[in-house]
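Down below is the structure, laid out as structure tokens.
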There are 2 protein chains.
Amino acid sequence: MAVTIKDVAQRAGVSHPTVSRALRGDSSVTLETTTRIQQIARELGYIPSAAARSLKTNRTRVVGVLVHRVSDPFYSRVIDGIQDTLHPNAYSIFLASTNNDRTRQAEIIRAMTERRVDGLILCSMFITPEYFREIQARGASVILLHNRAAKITPFTLYHNDRYGARQMTRHLLELGHTRIAFLGNTRAGRESAERLKGFKQELDAAGMTPNPRYIVHAAFGQPPAAAEPIQALLALAEPPTALVCFNDSLAIGALQVLHNAGKRVPQDWSVTGFDNITIAEFMNPPLTTFDQPKYSLGAQAANLLLRLMESPGTDDSTWNIPSLRGEILVRGSTAPPPH
Amino acid sequence: MAVTIKDVAQRAGVSHPTVSRALRGDSSVTLETTTRIQQIARELGYIPSAAARSLKTNRTRVVGVLVHRVSDPFYSRVIDGIQDTLHPNAYSIFLASTNNDRTRQAEIIRAMTERRVDGLILCSMFITPEYFREIQARGASVILLHNRAAKITPFTLYHNDRYGARQMTRHLLELGHTRIAFLGNTRAGRESAERLKGFKQELDAAGMTPNPRYIVHAAFGQPPAAAEPIQALLALAEPPTALVCFNDSLAIGALQVLHNAGKRVPQDWSVTGFDNITIAEFMNPPLTTFDQPKYSLGAQAANLLLRLMESPGTDDSTWNIPSLRGEILVRGSTAPPPH
DNA sequence: TAGTATCTTGCACACGTGTTCATCCCCTAA
DNA sequence: TTAGGGGATGAACACGTGTGCAAGATACTA
């Protein structure tokens with residue numbers, strides 16, 4: 001069908017191994033022959049078959065990336081970072097989204113295994129240790145990003161949830177707030193639990209005991225999910241004056257609910273987000289949030305994976321796993337409490 | 001290295017073609033043998049090699065998707081639609097972003113050609129007719145999405161820019177506005193030009209002549225790019241009272257600039273977006289916009305591509321290309337003009 | 001001039017799968 | 001009993017590329 005290496009060989013009057021070597025820049029081929037073969041290959045529009053090459057070399061130069069949803073504003077930035085790092089290294093990316101569906105995740109990993117990806121970046125919550133080991137046994141390098149069970153492998157990159165939550169809480173304490181609420185995300189599991197833990201720790205450190213009524217949870221991590229828990233907070237006899245949200249999307253949902261209830265942010269309520277998604281600074285008011293280095297996170301994960309794929313088998317924890325802390329960004333959605 | 005079809009064959013005491021047939025459910029193999037082979041394959045953890053299969057069948061069941069940036073809130077929803085349509089059909093997706101860089105786009109398409117993708121969904125502006133034909137000549141089915149030069153192939157899905165812009169403009173006219181501005185996006189090329197055309201047409205239809213000073217352009221399509229042109233509008237002796245933006249992101253940028261300038265939306269200025277990205281309804285005020293069926297757009301493109309890949313060679317324009325219109329969503333960012 | 005070292009190239013095989021065709025076996029009908 | 005037929009399986013080859021090894025050509029040295 002398509003033009004193969006043999007076509008080029010025939011046209012050049014050489015054997016196909018010579019063409020193979022010439023195009024790969026093997027120095028054992030005469031410079032003259034090399035340039036002639038390259039010329040002919042270009043004329044014929046020869047493009048080698050990755051499938052055939054992979055079959056022989058046992059490497060695909062493909063990396064699989066798994067997220068729960070591509071349109072998630074957090075992960076889409078992570079993917080940008082992965083893309084920009086892997087592309088210059090001539091790797092292609094299989095991207096798939098699980099939709100938080102275990103069955104679908106299994107199908108995807110199966111497909112990626114059939115395709116013999118060299119590496120895998122998994123941003124899923126559903127990776128068990130056994131699962132991880134099975135994938136690894138098949139020869140693929142694996143990086144976990146943001147995983148619930150962070151102890152499966154040393155090759156896990158995750159932001160410091162507890163640290164971030166403490167930063168946000170401290171900021172509100174420093175502004176003078178005493179009635180501070182926390183809005184978690186049920187679906188985020190460990191991640192949400194960690195941030196709640198940080199929230200409580202910081203209150204403890206300030207000598208305050210967290211009010212259990214101020215700890216509420218959204219069913220998932222998108223703006224509409226904020227409505228119900230925020231209504232509950234508003235209905236309290238003594239509502240809070242500040243709110244630490246699990247992420248920016250929920251904070252944005254909270255802003256809207258508060259606005260509709262006639263509450264002004266930040267005069268009546270202070271609200272903080274988490275992640276610093278692109279849109280956060282363009283909200284009205286601009287969102288005070290914890291800036292996660294999303295792009296860098298993706299880039300670092302990709303870099304780590306590249307190193308791992310180059311030197312497989314070194315499962316030592318002697319590796320220097322970068323840890324990305326992030327930082328607080330104070331914007332317009334927080335202020336001292338009223339009166 | 002990995003367990004191959006021959007290992008399964010040996011273990012089952014049959015030849016490898018029998019295993020191949022059994023696992024593909026060929027009826028010529030005894031039911032008994034089939035179940036036994038399947039059992040053994042499962043025990044051994046046999047997973048066929050896509051590379052070897054592709055080499056033989058000349059099909060990869062892989063589709064390449066090209067966008068300018070994954071984190072773009074418009075395309076990331078399109079990708080969701082593509083994903084959810086292709087996954088159940090056992091196709092995998094190569095995702096790559098061009099960053100609006102022609103060289104990088106060429107590298108990506110080259111890589112996808114090496115990988116022998118069965119199909120391609122291109123959301124790029126840089127596809128010339130010759131380029132398109134060359135890709136097609138290599139046997140891949142191609143769908144264009146949102147392309148500047150819509151006439152290259154019948155297999156182009158694009159939303160009706162002109163129609164949408166007319167809708168938005170009419171809405172503002174009906175509210176009583178007479179001083180209406182248009183904020184375009186230089187980088188979007190034809191797309192922006194079409195929307196501007198629709199804007200002008202609707203004004204014409206209302207017997208009004210567009211004021212050239214009210215037509216401004218942003219350098220790119222993200223919120224920060226709105227600052228400069230909006231400042232220019234504010235500096236006019238007689239500034240507009242309404243603004244039709246190229247997309248939601250620019251409208252969001254405009255909202256912030258107006259807010260900082262002490263203008264209230266919608267009391268002083270009405271602002272409209274375009275696309276209805278996820279965040280639009282959670283802005284303050286919620287954005288009046290033109291809802292593009294992004295997810296459906298992706299799903300339709302994928303469906304069309306599936307049909308095209310199943311029956312290659314039929315280049316007829318007898319195909320029924322779906323046309324997706326979209327609809328206006330009136331929310332809080334528009335109101336009658338002041339006084 | 002012959003022998004040897006070096007450089008260039010081709011032959012043959014392998015990677016893992018699917019497919020065509022031939023073969024073998026068993027069953028049935030004459 | 002034998003011929004014929006149909007069903008199950010195996011042998012051989014092909015897909016396009018990379019690689020080890022041998023062979024041929026050339027240059028250099030003794």
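Within every chain, numbering begins at 1; the chains are lettered A, B, ... in the order of the sequence lines, protein sequences first and strands thereafter.
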- Give the intermediate values and the outcome of side chain to side chain contact (heavy atoms under 4.5 Å, CB included) for residues A/L86 and A/L306. CA-CA 8 Å; A/L86 291 184; A/L306 284 173; 3.8 Å; yes
- Query: OP1 or OP2 of C/dT9 less than 4.0 angstrom from a side-chain nitrogen or oxygen of A/T33, does that happen here?
  - Reply: yes
- Query: Are the charged groups of B/D118 and B/R61 less than 4.0 angstrom apart, N to O?
  - Reply: no
- Does the side chain of A/S20 get closer than 4.0 angstrom to OP1 or OP2 of D/dT17 through an N or O atom? no
- Task: In whole angstrom, give the distance that lies between atom OH of A/Y46 and atom C1' of D/dT17.
- Result: 7 Å
- Item | Atom-to-atom span, CG of A/N58 to C1' of C/dA14 - whole angstrom | 12 Å
- Message: Using 30° and 60° as the class boundaries, would you call the ring planes of A/H68 and A/Y75 parallel, tilted or perpendicular?
- Response: perpendicular
- OP1, OP2 of C/dT17 versus side-chain N and O of B/S54: anything below 4.0 Å? no
- Item | Side-chain touch B/F94/A/L95, heavy atoms, less than 4.5 angstrom | no
- Message: Tell me the interatomic distance from A/R61, atom CZ, to D/dT17, atom C1', rounded to whole angstroms.
- Response: 16 Å
- Would one find a side-chain N or O of B/S49 under 4.0 angstrom from OP1 or OP2 of C/dC15? no
- May I ask you to check whether B/T85 and B/N303 show a side-chain donor-acceptor distance below 3.5 Å? no
Each nucleotide N or O in nucleotides 21-26 of chain C that has a protein N or O under 3.5 Å away: list the pair and distance.
none

- Position toward the 5' end of DNA chain D (nearest nucleotide), B/S27 or B/L55: B/S27
- Basic-acidic side-chain contact under 4.0 Å: B/E32, B/R36: no
- Task: Would you indicate whether A/Q39, at its atom CD, is surrounded by more than 12 heavy atoms from other residues, nucleotides or ligands within a distance under 6.0 Å?
- Result: yes
- Query: So which of residues 5-19 of chain B are in contact with DNA chain C, with a heavy-atom cut-off of under 4.0 Å?
  - Reply: B/I5, B/K6, B/H16, B/P17
- Checking A/S54 side chain against A/R59 main chain: does a donor-acceptor pair fall under 3.5 Å? yes
- Taking the side chain of B/S28 as its heavy atoms from C-beta onward, which of D/dT17, D/dT9, C/dG18 lies nearest to it? D/dT9
- Message: Assess, by modelled atom type and distance only, whether the side chains of B/R21 and B/S28 contain a donor and an acceptor separated by less than 3.5 Å.
- Response: no
- Rounded off to whole Å, could you give me the CG-to-P distance for the B/L23 and C/dG16 pair? 16 Å
- Got a salt bridge between A/D72 and A/K294, using NZ or NE/NH1/NH2 to carboxylate O under 4.0 Å? no
- Query: For B/R53 and C/dG18, what is the distance between atoms CZ and C1' respectively, to the nearest whole Å?
  - Reply: 9 Å
- Task: State, to the nearest 10°, the angle formed by the axis through the first five base pairs of the helix from C/dT1-D/dA30 to C/dA30-D/dT1 and the axis through its last five.
- Result: 60°
- Task: To the nearest Å, give me how far apart CG (B/D26) and P (D/dG10) are.
- Result: 14 Å
- Task: Check the pair B/L122 / B/L145 against side chain to side chain contact (heavy atoms under 4.5 Å, CB included), numbers first and verdict last.
- Result: CA-CA 6 Å; B/L122 302 177; B/L145 206 66; over 6 Å; no
- Item | Euclidean distance, atom CZ of residue B/R24 to atom P of C/dT17 [Å, nearest integer] | 12 Å
- Note on the structure: Rounded to whole Å, the CG-C1' distance (A/L31 to C/dC7) equals 14 Å
- Item | Pair A/L23-A/I37, side chain to side chain contact (heavy atoms under 4.5 Å, CB included): steps then yes or no | CA-CA 8 Å; A/L23 294 182; A/I37 287 176; 4.2 Å; yes
